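Worth saying up front: this structure is predicted, and the values here are computed from it rather than measured.
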Amino acid sequence: MNYLPIFADLRQRPVLVVGGGDIAARKISLLLRAGAEVRVAALALSDAVDKAHTAGQLAWVAREFMPALLDDVFLVIAATDDAELNARVSEAAAQRHLLVNVVDDQPKCSFIFPSLVDRSPLMVAISSGGQAPVLARLLREKLEALLPARLGVMAQIAGVWRERIKQHLPSVTARRRFWERVFGGRFASLVASGQLTQAEQELGRQLAQPETPLGEVALVGAGPGDAGLLTLRGLQVIQQADVVLYDHLVSDDVMELVRRDAERICVGKRASAHLLPQEDINALMVTLARQGKRVVRLKGGDPFIFGRGGEEIQHVAQAGIPFHIVPGITAASGATAYAGIPLTHRDYAQSVVFITGHCRPDGDALDWSTLARGRQTLAIYMGTVNAAEIARQLIVHGRAAQTPVAVISRGTRQDQQVLTGELAQLDALAQQAPRPALVVIGEVVTLHQHIAWFGEHSQAASDGRPAVVNLA
């Protein structure tokens with residue numbers, strides 16, 4: 001170990017920064033966040049440094065470096081583009097046994113700045129000892145994605161409660177087990193949801209009744225298929241799950257991100273092919289949560305857009321089970337973007353309508369006259385089964401038979417396929433299309449030929465037949 005990782009308390013401690021340019025500005029920003037008394041020695045100040053000086057956040061103590069400036073400082077940073085000056089600063093600091101950092105010159109440093117993941121008061125520092133700073137930065141980016149943004153708030157609340165917990169639980173082991181339980185349970189979820197008052201109430205409940213763990217349900221949108229489109233919050237939640245109830249529409253790539261030791265239960269949910277009736281899914285979520293488990297209901301796309309998410313979470317709420325919701329990228333947004341079809345475009349469509357090709361048997365009929373209006377885009381979920389009727393009704397109510405259409409199968413996945421043609425050909429396209437598929441109707445579909453970008457693609461056929469564009 002070439003470097004000892006330490007965290008220094010710089011509050012009200014003087015730190016000298018030699019240099020006033022952009023590189024110095026980045027270091028000064030960190031020092032100010034840490035509460036240091038920043039002193040700057042520089043011939044001139046960059047806009048950012050000058051702004052901080054004007055605001056009284058730092059002192060501009062000299063226009064050139066002199067060793068005497070080091071006599072009463074805690075540490076020093078040399079951040080100039082003058083190698084000779086940086087060397088003089090390093091040597092003068094070493095003579096005074098001061099820690100010094102020379103930016104981008106490791107041999108002249110007695111300390112280095114790590115890459116930071118800031119969840120104050122929690123801090124994660126990553127360093128390669130100056131050997132591979134880009135690798136350290138890449139690791140920091142991964143940790144940024146995994147660590148919840150409100151982790152610091154959780155630590156602050158824990159700090160407020162620490163003494164109270166210590167008095168109630170005198171045993172070190174009992175306190176450790178208590179904190180392990182609450183940091184991995186409902187308390188953490190409430191903090192993540194911004195419900196801080198309820199989070200503290202949960203701490204009190206856990207302290208008073210430690211043997212009655214209360215589970216919860218998280219309704220999470222998995223997105224249209226590409227695991228890269230899963231939200232950061234969605235990733236964090238599925239990494240904490242005890243049990244995951246998932247649909248066929250959730251891609252294998254997303255399922256690979258689920259916590260390894262979580263129980264996985266496939267509940268089906270394809271059009272006309274459900275492994276479990278909806279009532280059984282609702283009951284299962286409640287039963288598992290009442291066992292004290294963190295239940296994730298993982299649904300393709302966004303659960304609140306034709307995903308029955310509202311129905312499911314209503315049942316959970318009526319049962320008195322705590323819950324929270326993580327939205328996802330819906331298929332109409334994700335699949336069309338990957339197909340190079342903007343849902344709106346000022347030259348083609350000023351509105352977009354999301355509809356489903358499957359309605360409740362007792363539901364009202366669609367307002368076809370409204371849907372057939374021009375200069376709007378229709379995004380139809382589960383529309384391939386009723387494609388012939390959809391096309392017929394739109395044409396009868398005024399939409400031109402030549403209106404461009406697309407059927408996007410397995411959108412955003414590596415085997416995505418886009419079939420394009422005209423409204424009169426929609427049924428033929430739908431019969432060719434693998435499922436799941438999204439139907440898009442409107443002039444914006446013509447842009448697919450110009451801005452399709454995902455995978456290999458070809459121009460639409462010009463012989464009047466439905467064009468098959470394979471984006472494998």
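For CZ of Arg96, the number of neighbouring non-hydrogen atoms (other residues, nucleotides, ligands) closer than 6.0 Å is greater than 12. Other residues, nucleotides and ligands contribute at most 12 non-hydrogen atoms within 6.0 Å of the CG atom of Asp81. Annotation: Asp72, atom CG; neighbour count of heavy atoms from other residues, nucleotides and ligands within 6.0 Å is above 12. The number of heavy atoms from other shown groups lying within 6.0 Å of CZ (Arg177) does not exceed 12. A 6.0 Å sphere centred on CG of Asn2 holds no more than 12 heavy atoms belonging to other residues, nucleotides or ligands.
A pairwise comparison of heavy atoms in Ala227 and Val254 identifies CA-CG2, 3.8 Å as the closest pair. Pro133 and Ser128 make their closest contact through N-OG, 3.5 Å (heavy atoms, listed as atom of the first residue, atom of the second, distance). Residues Gly185 and Arg294 approach most closely at N-NH1, 4.3 Å, considering heavy atoms. Nearest heavy-atom pair across Cys266 and His248 is SG-CE1, 3.7 Å. Ala199 and Val191 get closest at one heavy-atom pair: CB-CG2, 3.7 Å. Glu263 and Lys293 make their closest contact through OE1-NZ, 3.9 Å (heavy atoms, listed as atom of the first residue, atom of the second, distance).
Remark: side-chain polar atoms of Ser193 are paired, donor with acceptor, to backbone N or O of Ser189 under 3.5 angstrom. Distance alone, capped at 3.5 Å, is enough to place a donor-acceptor pair between the Thr336 side chain and the Ala332 backbone. In this structure a side-chain-to-backbone donor-acceptor pair under 3.5 Å is missing from Gln376 to Gln350.
Classification of Arg11 and Asp9 as a salt-bridged pair holds, one side-chain N sitting under 4.0 Å from a carboxylate O. Using a cutoff of 4.0 Å between basic side-chain nitrogens and carboxylate oxygens, Arg13 and Glu37 are not scored as salt-bridged. A salt bridge links Glu144 to Arg140: one of the charged nitrogens lies within less than 4.0 Å of a carboxylate oxygen.
The line from CD1 of Ile77 to CD1 of Ile23 is 12.5 Å long, rounded to the nearest 0.5 Å. Here the straight-line distance linking atom CD of Gln131 with atom CD of Gln106 works out to 5.5 Å at 0.5 Å rounding. Considering CG of Leu169 and CD of Gln167, their distance stands at 11.0 Å, rounded to 0.5 Å.
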*Mind running side-chain contact (heavy atoms from CB on, under 4.5 Å) on Met154 and Phe187 for me, showing each step along the way?*
CA-CA 9 Å; Met154 194 186 309; Phe187 165 71; 3.3 Å; yes
*Test side-chain contact (heavy atoms from CB on, under 4.5 Å) applied to Leu447 and His345, step by step*: CA-CA 10 Å; Leu447 294 170; His345 188 290; 3.6 Å; yes
*Can you list the steps and then say if Glu312 with Lys299 is a side-chain contact (heavy atoms from CB on, under 4.5 Å)?*
CA-CA 11 Å; Glu312 294 183 4; Lys299 303 176 75 70; 3.1 Å; yes
*Would you please test Arg88 and Asp82 for salt bridge (Lys or Arg N to Asp or Glu O under 4.0 Å) and show each step?*
CA-CA 10 Å; Arg88 287 198 292 116; Asp82 185 335; over 6 Å; no
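Relative orientation of the Trp179 and Phe183 rings is parallel, given thresholds of 30° and 60° on the angle between their planes.
A cation-pi arrangement is present between Lys27 and Phe113, with the terminal nitrogen or guanidinium carbon under 6.0 Å from the aromatic centre and inside a 45° cone about the axis.
Residues Ser251 and Asp253 have side chains that never bring a donor and an acceptor to within less than 3.5 angstrom of each other. Residues Glu202 and Gln206 bring a donor and an acceptor atom of their side chains to less than 3.5 Å of each other. A side-chain donor from one of Tyr381 and Thr330 sits under 3.5 Å from a side-chain acceptor of the other.
If you run side-chain contact (heavy atoms from CB on, under 4.5 Å) between Ile341 and each of Thr377, Val444, Leu438, only Val444 comes through.
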